Amino acid sequence: QVQLVESGGGSVQAGGSLRLSCAASGRTFSSYFMGWFRQAPRKERDFVAAISWTTNSTYYADSVKGRFTISRDNAKNTVYLQMNTLKPEDSAVYYCASKSSPIFTRNSEIYNGWGQGTQVTVSS
């Protein structure tokens, strides 16, 4: 089992930036993909971005392309989400997730390790 701990959330004005971190521990060798999802009140949990531990391939939701960047530090077992040009609609609880199969998916149900979430609030 992989344990995930997110940090870096907070409140920012529209146009601002935040960087989220996700520190992984435990059976990290069993994790092929790390992803970020977000969930706003009364909405479903949506895919934001993902990265492969082995190939460094990255994937993004259309809504964040060009504004968000996912990256990893293998030595620290940490994944980052740099969020720039934030918009009020980016406000949500952001979750880090891991997946133990090497095939990319945006389906949150396929991810089998989750962090506790970190709140991001963007004011207009």
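For clarity, every value in this text was computed on a predicted model and none was experimentally measured. For the single chain, residues carry numbers from 1 onward in sequence order.
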Trainee: Short question: side chain of E6, backbone of C96 - any donor-acceptor pair under 3.5 Å?
Mentor: yes

Trainee: Is the shortest side-chain heavy-atom distance between N77 and S25 below 4.5 Å?
Mentor: no

Trainee: Angle class for the F104/Y59 ring planes (parallel below 30°, perpendicular above 60°, tilted otherwise)?
Mentor: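 Plane angle under 30°, so parallel.
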
Trainee: Are any of the side-chain heavy atoms of L86 and Q13 separated by less than 4.5 Å?
Mentor: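 No, side chains not in contact.
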
Trainee: So, for P88 and S124, which heavy atoms are closest and what is the spacing to 0.1 Å?
Mentor: CG-CB, 3.9 Å

Trainee: Is the centre of the F37 ring less than 6.0 Å from the centre of the Y111 ring?
Mentor: yes

Trainee: Is any side-chain heavy atom of R45 closer than 4.5 Å to a side-chain heavy atom of W114?
Mentor: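 A side-chain contact exists here, since the closest heavy-atom pair is under 4.5 Å.
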
Trainee: Going from CE on M34 to OG on S52, what distance comes out if it is rounded to the nearest 0.5 angstrom?
Mentor: 11.5 Å

Trainee: Would you say that T105 contacts K99 through its side chain, given a criterion of any heavy-atom pair below 4.5 Å between the two side chains?
Mentor: yes

Trainee: Nearest 0.5 Å, please: how far is CZ in F33 from CD1 in I51?
Mentor: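 Spacing of CD1 (I51) from CZ (F33) equals 9.5 Å.
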
Trainee: If you compare all heavy atoms of R67 against all heavy atoms of T85, which two are closest, and at what distance to 0.1 Å?
Mentor: NH1-O, 2.9 Å

Trainee: Scan V122, V120, D90 and name whichever one has a side chain to side chain contact (heavy atoms under 4.5 Å, CB included) with M83.
Mentor: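 Answer after filtering V122, V120, D90: V120.
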
Trainee: Donor-acceptor pair, T118 side chain versus G9 backbone, under 3.5 Å?
Mentor: yes

Trainee: Please round to the nearest 0.5 Å and tell me the distance separating atom OG of S98 and atom CD of Q1.
Mentor: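 One finds 8.0 Å between OG of S98 and CD of Q1.
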
Trainee: Tell me the closest heavy-atom pair linking A92 and Q119, and the distance in Å.
Mentor: O-NE2, 3.4 Å

Trainee: Could you tell me if the side chain of L81 sits less than 4.5 Å from the side chain of T69, heavy atoms only?
Mentor: no

Trainee: Is there a side-chain contact between V5 and C22 in this structure, where contact means two heavy atoms from C-beta onward sitting under 4.5 Å apart?
Mentor: no

Trainee: Contact between N56 and R72 at the side-chain level, heavy atoms closer than 4.5 Å - yes or no?
Mentor: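 Side-chain contact under 4.5 Å: yes.
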
Trainee: Looking only at side chains, do T78 and D73 share a donor and an acceptor under 3.5 Å apart?
Mentor: no

Trainee: Determine the minimum heavy-atom distance between Q82 and S17, stating which atoms define it.
Mentor: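 Closest pair (atom of Q82, atom of S17, distance): NE2-CB, 3.9 Å.
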
Trainee: State yes or no: do V2 and I110 share one hydrophobic cluster built from I, L, V, M, F, W and Y residues joined by side-chain heavy-atom distances below 4.5 Å, directly or via other members?
Mentor: no

Trainee: Answer yes or no: is there a side-chain heavy-atom contact under 4.5 Å between W53 and V79?
Mentor: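 Contact flag for W53/V79 side chains = yes.
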
Trainee: I need the full list of ring-ring contact (aromatic ring centres under 6.0 Å, His included) pairs touching residues 63-96, with sequence neighbours left out, sorted by first then second residue.
Mentor: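 ring-ring contact (aromatic ring centres under 6.0 Å, His included) check on residues 63-96 returns no pairs.
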
Trainee: Tell me whether the count of non-hydrogen atoms from other residues, nucleotides or ligands lying under 6.0 Å of CD in Q116 goes above 12.
Mentor: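 Check passes, neighbour count above 12.
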
Trainee: Does V48 share a hydrophobic cluster with V12, counting links as ILVMFWY side-chain heavy atoms below 4.5 Å and allowing steps through other members?
Mentor: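 Yes.
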
